[in-house]
Amino acid sequence: MTTLAHRPDTLTRDALAVLQPGFHGTTAPDWLLRRIGEGLTSVGLFGRNIHTPAQLAALTAQLRAERDDILVAIDEEGGDVTRLEVREGSSFPGNYALGSVDDVELTRAVARELGSRLAACGVNLNWAPSADVNSDVNNPVIGVRSFGADPALVARHTAAYVEGLQSAGVAACTKHFPGHGDTAVDSHLALPRIDVGVDTLHARELAPFRSAITAGSKSVMSAHILLSALDPDRPATLSPRILTGLLREELGFDGLIVTDGIEMRAIASTYGIERGSVLAIAAGVDAICVGGGLADEGTVLRLRDALVDAVREGELPEERLADAAARVRALADWARRVRGASGPGAAVQEGTAPGAGTSAAGGPDIGLVAARRAVRVTGTVEPLQEAPYVASFAAVANIAVGDETPWGVAAELTALLPGTEAGTYGGGSGAAEVLAAAGERRIVAVVRDLHRHSWMAAVLDGIREARPDTAVVEMGVNHAEPAGSPHIATYGAAPVCGRAAAEVLTGRSV
């Protein structure tokens, strides 16, 4: 236990309480433990902090030795975006696969099982689900992270996900308010802009968030996007009109409002992280997420001091900072009480009986069950009898997904057909290169978001012209016309999606 030489004043403790910082390493550094003793109430975990479930449980226990109600947050969407299984790939398909099945009981069961695994490791706040309606099929950052393009479908699955996750004792953080689906720009890199009317926003973007609020989502994450019809001057994260006027007052949300990563360029490049944090709290935000890129003590101190100075200089009302800190502590207290009521790894939401909301398909294999149900096949499948050549076409992964996590079907096909060979190809590749590597083997071409990458489509056309029996596996948004014999859409690239595709290709299961 850290011993403090002095007790920080209330203002400083409140400023620390509203931060959700990250750090480096698989154990908590001394500086982080000191700041927890001084008032820090939340910590964010990323793939770099996690090696095994046992190590993660030891890390969260170390944090709770400093503060038993600490909020331990993670960005664990399942599917393409995983931190818990960043080096192996997720055991669960993502939102797009669940939306394609359109069974809310299945979605609820998947979210509950994922939440149970997080709770068993001591994580009690998940920056998920994505409630974005993927209305722009060329969206570079949402895509398969969305349940789909239909607002009603996204709304019902968002609610089911929230209910399932929170029934396991893990607070949901529904994102990215008021909706990141109609963007052609990644807010990690620049500020996206949506220029549709208020009626469209209410009917499309806001519908899933209304459902999440009705379902009791404990928190909501703001998006770094400019919606001209709501606020032509400031992005949602910094907009009182959007966060206080719309989310709090009009939609009636009374939980915790969290920012997307404050160091993302949509905010940092225009406002800077200190100014951005002050404006966000003033606008109605309660917690500042930082640490995906900036994960050091200096960053925490810079943001703490910026908030304290803003109060002392009259730029940020002290009552607003105190209210934000109180909301953070209230959620931390909820998480502590729920965990204490049920024991680590077995927590349930207050008022929810254990097992409520699960389907008959629930259990540790629910991810594979869901992935199998999501697969869609066009054309006739003639099961592979001999080891094929798997050609995977890889575009640059967006920052939310990252490039550490494996994807594809090669490993899964190798398990079923030993001797399978594979290669990965980028934008400079051509069909001749793939054909030469494949030799006489049948080709399985694996793509993600084929419709977004003309080079990928051109290479695939060349392969299919020479080898019409090429099987195509689409592991991204299934928008391009089916091509291949057969064409298999998995609606996500997690290993369970690859396994489901491999089973179709071979007519076997592991």
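- Between Asp103 and Arg108 there is no salt bridge, since none of the side-chain N atoms of the basic residue sits less than 4.0 Å from a carboxylate O of the acidic one.
- By the 4.0 Å N-to-carboxylate-O rule, Arg204 lies close enough to Asp182 to be salt-bridged with it.
- The residues Asp323 and Arg320 are annotated as salt-bridged, a charged nitrogen and a carboxylate oxygen being separated by less than 4.0 angstrom.
- Between the side chain of Thr244 and the main chain of Ile242, no donor-acceptor pair closer than 3.5 Å is present.
- No side-chain donor from either of His24 and Asn49 sits under 3.5 Å from a side-chain acceptor of the other.
- Side chains of Leu243 and Phe177 form a contact here, defined as non-hydrogen atoms less than 4.5 Å apart.
- Listed for the Asp449 side chain is no donor-acceptor partner under 3.5 Å among the backbone atoms of Gly476.
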* Which is it for Ile288 and Gln20 under the side-chain contact (heavy atoms from CB on, under 4.5 Å) test, yes or no, and what are the steps along the way? -> CA-CA 6 Å; Ile288 305 292; Gln20 292 188 345; over 6 Å; no
Indicate every side-chain donor-acceptor pair of residues 245-253 with a distance under 3.5 Å to a residue at least two apart or in another chain.
from   : atom 1 : to     : atom 2 : distance (Å)
Arg248 : NH1    : Phe253 : O      : 2.9
Arg248 : NH1    : Gly255 : O      : 2.8
Arg248 : NH2    : Gly255 : O      : 2.9
Arg248 : NH2    : Asp286 : OD2    : 2.6

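- A salt bridge links Asp80 to Arg448: at least one charged side-chain nitrogen sits closer than 4.0 Å to a carboxylate oxygen.
- The main-chain N or O of His51 is found under 3.5 Å from a side-chain atom of Gln55 such that the two form a donor-acceptor pair.
- In this structure, Glu263 contributes its side chain and Gly291 its backbone to a donor-acceptor pair below 3.5 Å.
- Arg35 pairs by the salt bridge (Lys or Arg N to Asp or Glu O under 4.0 Å) definition with Glu38, Glu297, not counting sequence neighbours.
- In this structure a side-chain-to-backbone donor-acceptor pair under 3.5 Å is missing from Asn124 to Ala335.
- Looking at Arg145 and Ser130, their side chains never bring a donor and an acceptor atom within 3.5 Å of each other.
- Side chain of Ser217 to main chain of Ile213: no donor-acceptor pair is present (N/O by atom type, distance under 3.5 Å, no hydrogens or angles).
- Looking only at distances, a side-chain donor or acceptor of His224 sits under 3.5 Å from a matching main-chain atom of Gly261.
- With hydrogens and angles disregarded, no donor-acceptor distance shorter than 3.5 Å links the side chain of Asp132 to the backbone of Asn134.
- Side-chain atoms of Leu71 and Val43, non-hydrogen and from C-beta on, never get closer than 4.5 Å to each other.
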* To do: Decide salt bridge (Lys or Arg N to Asp or Glu O under 4.0 Å) for Asp75 and Lys175; before the verdict, give the C-alpha distance in whole Å, the side-chain angles of both, and the deciding distance to 0.1 Å.
  => CA-CA 11 Å; Asp75 192 6; Lys175 61 188 184 185; 2.8 Å; yes
Listing, residues 266-274 side-chain donor-acceptor contacts under 3.5 Å, not counting sequence neighbours, or none:
from   : atom 1 : to     : atom 2 : distance (Å)
Ser269 : OG     : Arg265 : O      : 3.4
Glu274 : OE2    : Arg302 : NE     : 2.9
Glu274 : OE2    : Arg302 : NH2    : 3.0

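- The closest donor-acceptor contact from the side chain of Ser239 to the backbone of Arg234 lies at 3.5 Å or more, if one exists at all.
- Between Pro495 and Glu88 there is no side-chain heavy-atom pair separated by less than 4.5 Å.
- Using bins of under 30°, 30° to 60° and over 60° for the plane-to-plane angle, the ring pair Phe46/Trp127 lands in the tilted bin.
- Asp102 has a carboxylate O that lies under 4.0 Å from a charged side-chain N of Arg156, or vice versa, which qualifies the two as a salt bridge.
- Side-chain atoms of Ser228 and Asp195 form a donor-acceptor pair, as typed in the model, at a separation below 3.5 Å.
- Using a 4.0 Å cut-off between a side-chain N of Lys or Arg and a carboxylate O of Asp or Glu, Asp30 and Arg34 do not qualify as a salt bridge.
- At distances below 3.5 Å, not a single donor-acceptor pair connects side-chain atoms of Thr82 with backbone N or O atoms of Gly78.
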